[in-house]
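Here's the structure, in C-alpha cells; my notes come after.
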There are 2 protein chains.
Amino acid sequence: MNQIKESPFDDMLCFDVYAVNLAFGRIYKPLLDPLGLTYSQYLVLMSLWTQDDQTVGQIGGSLGLDSSTLTPLIKRIEAAGLVVRNRDPLDERRVIVSLTDQGRALQAHSSHIRSCVVSGLGMSLEELQQLQAMIRKLRKSIVAQDRD
Amino acid sequence: MNQIKESPFDDMLCFDVYAVNLAFGRIYKPLLDPLGLTYSQYLVLMSLWTQDDQTVGQIGGSLGLDSSTLTPLIKRIEAAGLVVRNRDPLDERRVIVSLTDQGRALQAHSSHIRSCVVSGLGMSLEELQQLQAMIRKLRKSIVAQDRD
DNA sequence: AGCCATTATATGTCGCGCAATAAATTATCG
DNA sequence: CGATAATTTATTGCGCGACATATAATGGCT
C-alpha cells in the first residue's frame, strides 16, 4: 500500500524539466505582462543590461538560440522602443543590438521580479542553489556530448 | 582571478531550466523525427500507453497543459492514425482519446528512445536520479505555491 | 574574379497560453 | 416538476516562441 500511481512520467527527467519550465513561464507572466515583455524578451534584455551593443549571434550564443528565433523577437522589442538595431559598419553582415534609454530604464524592475520569482518557488535558497548547480552541470554535459 | 565572466544568467535557475529544456528538445528531435512525432505528441502517447481512453482534460492534467493546447495537438496525431477521438456518451462535453493499434505499436520504440536520451546526457544514473528528485520537488513546490 | 564561410532574414510548422465562444451538464429557485 | 443560472469541457482564434530550411548579403581567401 505504498503509493498512488503517479503518472507515466515518473522516471522521465526530461518531463520534469519540461513541466518546471512551463511553470516558470507561468510565474513570470504576471510579473512581465505589466512591462509588456515576454520571458524570452526579458532574457534578451538581461543579456544586454550586462553587455550592451551585442550582435544577434552573440545574444543567441548565450541564450542557446538561433538567429531565426531572435530576429523577429528583437524586432518586437525594437518596435516597443527598447532597443535599436544597426548594421555593424565594420562588417555589414552583423546587426548590432543596442539598448535605448527606455530599455535601460527597465532594468530597475529586475531585482523586484527576481525576488517575486524566488518567493513563488517555495523552496529555500540553499536547495535552489544546489539544484541549480546540478542543472547547470547537466546543461554543460549535454552540450559537451553534442559535440561528439 | 577566479572565473571568466560567464553570462548574465549565472544565478538564474529559471534560465538553466529553460536552456536544459531546449537541449532536451534537440536530443529528442532526431529520435522522434523518424516516427513523425514531436516531443509533446510523444508525451501524450506516453500518457495513453499507461492509461488508454483518457479525456482531453485528464491528459492535460498530467501534462500540465491547457485543453486549448492539446486539442490541435491531438488532432494531428489523430490525422496520423495514432489515436481516435470520441465523445463520451455519458457526458457529451468530454472527448475520449483512445489509441489505435498503430498508436499502440509505437510503444515498442520507447525503451530504445529512452536509452538513447540517457546516453546523450553524459551523466551517471545516480546523478540523474538525484537531480530528478530535486526538480520534481521543485515542481511540486511551485504547484503548491500556485494554489495560495 | 571566384569560391566558401559567416551572418542575418524570410517562410512555414508546431507548441504554448490566453480570451472568448459553444455545447452539455448540474444546481438552484419558483 | 420545469425554467433558468452557473459550471464544466472542449474548441477556435490570436500572438509569441522555437526550429528547419532556404535565401541574400557580406567578407575572407586564394
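Order of the sequence lines sets the chain letters (A, B, ...), proteins ahead of strands, with each chain counted from 1.
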(message) Please verify the inter-ring angle class for A:W49 with A:Y42; under 30° counts as parallel, over 60° as perpendicular, anything in between as tilted.
(response) perpendicular

(message) Set out, in order, the CA-CA distance, both residues' side-chain angles and the distance that settles side-chain contact (heavy atoms from CB on, under 4.5 Å) for B:L13 and B:L138, then state yes or no.
(response) CA-CA 11 Å; B:L13 172 60; B:L138 174 60; 4.0 Å; yes

(message) Side chains of B:D52 and B:S98: any donor to acceptor distance under 3.5 Å?
(response) no

(request) Could you check how far CD1 of B:I27 sits from C1' of D:dC19, rounded to whole Å? (result) 16 Å

(message) So B:L70, base contact, sugar-phosphate only, or nothing? Heavy-atom distance under 4.0 Å.
(response) nothing

(request) Establish, with yes or no, whether the OP1 or OP2 oxygen of D:dG17 is under 4.0 angstrom from a side-chain nitrogen or oxygen of A:Q41. (result) yes

(request) Report yes if a donor N or O on one partner sits less than 3.5 Å from an acceptor N or O on the other, where the partners are the side chain of B:S68 and the base of C:dC18; otherwise report no. (result) yes

(message) Can you tell me if A:Y18 touches the phosphate of C:dC16, counting only side-chain N or O atoms and a distance under 4.0 Å to OP1 or OP2?
(response) yes

(request) Could you check how far CD of B:Q54 sits from C1' of D:dA10, rounded to whole Å? (result) 16 Å

(message) Counting only side-chain nitrogens and oxygens, does B:R85 get under 4.0 Å of the OP1 or OP2 atom of D:dT11?
(response) yes

(request) Would you please confirm or rule out a distance under 4.0 Å between OP1 or OP2 of C:dC16 and any side-chain N or O of B:S40? (result) yes

(request) Nearest whole angstrom, please: distance from the C1' of D:dG17 to the CD1 of A:I74. (result) 13 Å

(message) Please pick, from D:dT11, D:dG17, C:dG17, the nucleotide with the shortest atom-to-atom distance to any side-chain atom of A:R76.
(response) D:dG17

(request) Using a 4.0 Å heavy-atom cut-off across all strands, classify A:T69 as base, sugar-phosphate, or nothing. (result) base

(request) Rounded off to whole Å, could you give me the CG-to-P distance for the A:L32 and C:dG17 pair? (result) 15 Å

(request) Using whole Å, report how far CG of A:L73 lies from P of C:dA10. (result) 15 Å

(request) Using heavy atoms to find the nearest nucleotide of DNA chain D for A:R93 and B:V56 separately, return the residue whose nucleotide is more 5′. (result) B:V56

(request) Identify which nucleotide among D:dT12, D:dG17, C:dT9 has an atom closest to any side-chain atom of B:K75, counting heavy atoms from C-beta outward. (result) D:dT12

(message) Taking the six-membered ring for Trp, are A:F24 and A:Y39 closer than 6.0 Å centroid to centroid?
(response) no

(request) Would you mind classifying the nucleic acid contact of A:S67 as base, sugar-phosphate or nothing, using non-hydrogen atoms under 4.0 angstrom? (result) base

(request) Nearest whole angstrom, please: distance from the C1' of C:dG17 to the CG of A:N21. (result) 13 Å

(request) Indicate, with a heavy-atom threshold strictly under 4.0 Å, whether A:D91 touches base, sugar-phosphate, or nothing. (result) sugar-phosphate

(message) Expressed as a whole number of angstroms, how long is the span from A:L22:CG to D:dG17:C1'?
(response) 12 Å

(message) Can you tell whether the side chains of A:R87 and A:E92 come within less than 4.0 Å, N to carboxylate O?
(response) no

(request) Would you kindly give the CZ-to-C1' distance between B:R26 and D:dC19, to the nearest whole Å? (result) 9 Å

(message) Quick check for you: to the nearest 0.5 Å, what is the distance between A:Q51 atom CD and A:M46 atom CE?
(response) 14.0 Å

(request) Using heavy atoms to find the nearest nucleotide of DNA chain D for B:I96 and A:D66 separately, return the residue whose nucleotide is more 5′. (result) B:I96

(message) When you measure only distances, ignoring hydrogens and angles, does the side chain of B:R94 come within 3.5 Å of the base of D:dT9 through a donor and an acceptor?
(response) no

(request) Could you tell me whether A:T38 contacts a base, only the sugar-phosphate backbone, or nothing, with contacts defined as non-hydrogen atoms closer than 4.0 Å? (result) sugar-phosphate

